[in-house]
Every structure is written in structure tokens, then in C-alpha cells.
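Sequential numbering from 1 along the given sequence is applied to the chain's residues.
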Amino acid sequence: MTGPAGPDPAGRRHGGRRRHHLPRPSPRRLGAALALLGLLAAVAFLVVPVDAAFADDPLLRYGVLIGAQPAVTDVGCGVPVNNLRRRPDGLGLYDLARTDACREAATRRAATAAAAGGLVAVLGLFAATAATAATAEPSV
């Protein structure tokens with residue numbers, strides 16, 4: 001800022017106060033943060049409970065033959081990680097169908113978590129690598 005005596009070496013503005021700037025993050029750090037965000041997104045997908053509907057399960061069609069059609073075919077399966085190795089609670093057709101539906105829903109959720117989180121993480125690593133390559137000196 002220029003005053004009557006010339007430029008102010010301290011860079012004071014607005015009544016003698018200095019203007020503080022936040023440090024600008026480097027593109028490499030932003031890329032690493034994006035990669036970490038992708039991994040956190042994948043973990044978040046795996047922690048959110050999953051629901052399953054299995055009214056059209058082929059096992060339940062056999063239940064009609066023996067007269068044991070269950071009323072509830074929409075269930076909350078819980079955390080997908082626990083359902084990947086879930087065993088049936090009983091030997092009934094309803095228990096087998098519910099376990100199969102929960103396992104299938106958990107597998108889909110895990111695949112979605114891996115795809116979404118992996119994509120964001122790879123984009124973050126790509127951004128970090130591109131930023132590093134852009135700042136590197138060209139070799140002769």
C-alpha cells in the first residue's frame with residue numbers, strides 16, 4: 001500500500017492491521033486428502049445398515065406347497081460386513097431365504113463401497129501424482 005511516505009513495508013491495511021492469509025494447500029496434499037476421502041467413503045458404505053426384500057425368493061415358493069408362507073419378507077439385515085458370512089438362524093425355508101437375501105444385499109453393498117471408494121481414491125492418487133509431476137524439474 002502506498003502512503004505519503006511510499007509503500008508500507010509491513011503491508012498494513014485497514015487501520016494498521018495486518019491481513020492474515022491462510023496457507024494455500026498444495027495440489028499434492030489435496031490429492032492425498034481426496035484419496036483419504038475415498039477410503040472413508042468406502043468404510044461409510046460398509047457401516048450403514050442394509051435392508052433386503054425377498055418376497056420373490058424361489059425358496060419361499062416351496063413354502064406355499066407346505067402351507068408355511070411367512071408374512072414379513074422385508075427385513076433389516078444390519079451391517080453388510082456381518083452379513084457376508086452369515087449363517088441361517090434356523091433350518092426353515094424362511095430362514096434360508098432371509099439369509100440368502102441378506103448375503104446378496106451385503107455383497108452388492110460391499111461391491112458398491114469398493115467401486116465408489118476405490119474410484120475416489122484412485123482419482124485422488126492420480127491428482128497427487130500429477131501435481132508431483134508438474135512441480136518436478138524436467139530431466140535433460
Enquirer: Roughly how far, to the nearest 0.5 Å, is SG of C102 from CG of N82?
Expert: 11.0 Å

Enquirer: Identify the heavy atoms of P80 and F45 that sit nearest to each other, and give their distance.
Expert: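 Nearest pair, atom of P80 first, then F45: CG-O, 4.2 Å.
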
Enquirer: When rounded to the nearest 0.5 angstrom, what distance separates OG1 in T112 from CG in L46?
Expert: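 These two atoms lie 9.5 Å from each other.
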
Enquirer: Would L37 end up clustered with L39 when hydrophobic side chains under 4.5 Å apart are linked, directly or stepwise?
Expert: no

Enquirer: When rounded to the nearest 0.5 angstrom, what distance separates CZ in R103 from CZ in R98?
Expert: 12.0 Å

Enquirer: With side chains defined as the heavy atoms from C-beta onward, is the minimum distance between F54 and D74 less than 4.5 Å?
Expert: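 With C-beta onward as the side chain, the pair stays apart.
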
Enquirer: Would you say the side-chain atoms of R109 pair up with the backbone N or O of V79, donor to acceptor, closer than 3.5 Å?
Expert: no

Enquirer: Find the distance between CG (L34) and CG (L123) and round it off to the nearest 0.5 Å.
Expert: 6.5 Å

Enquirer: Between N83 and C77, is there a donor-acceptor pair closer than 3.5 Å when you use the side chain of the first and the backbone of the second?
Expert: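 Yes, the answer is positive, given that a donor and an acceptor are paired below the 3.5 Å cut-off.
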
Enquirer: Work out which heavy atom in A42 is nearest to a heavy atom in G117; give both atom names and the distance.
Expert: CB-CA, 3.9 Å

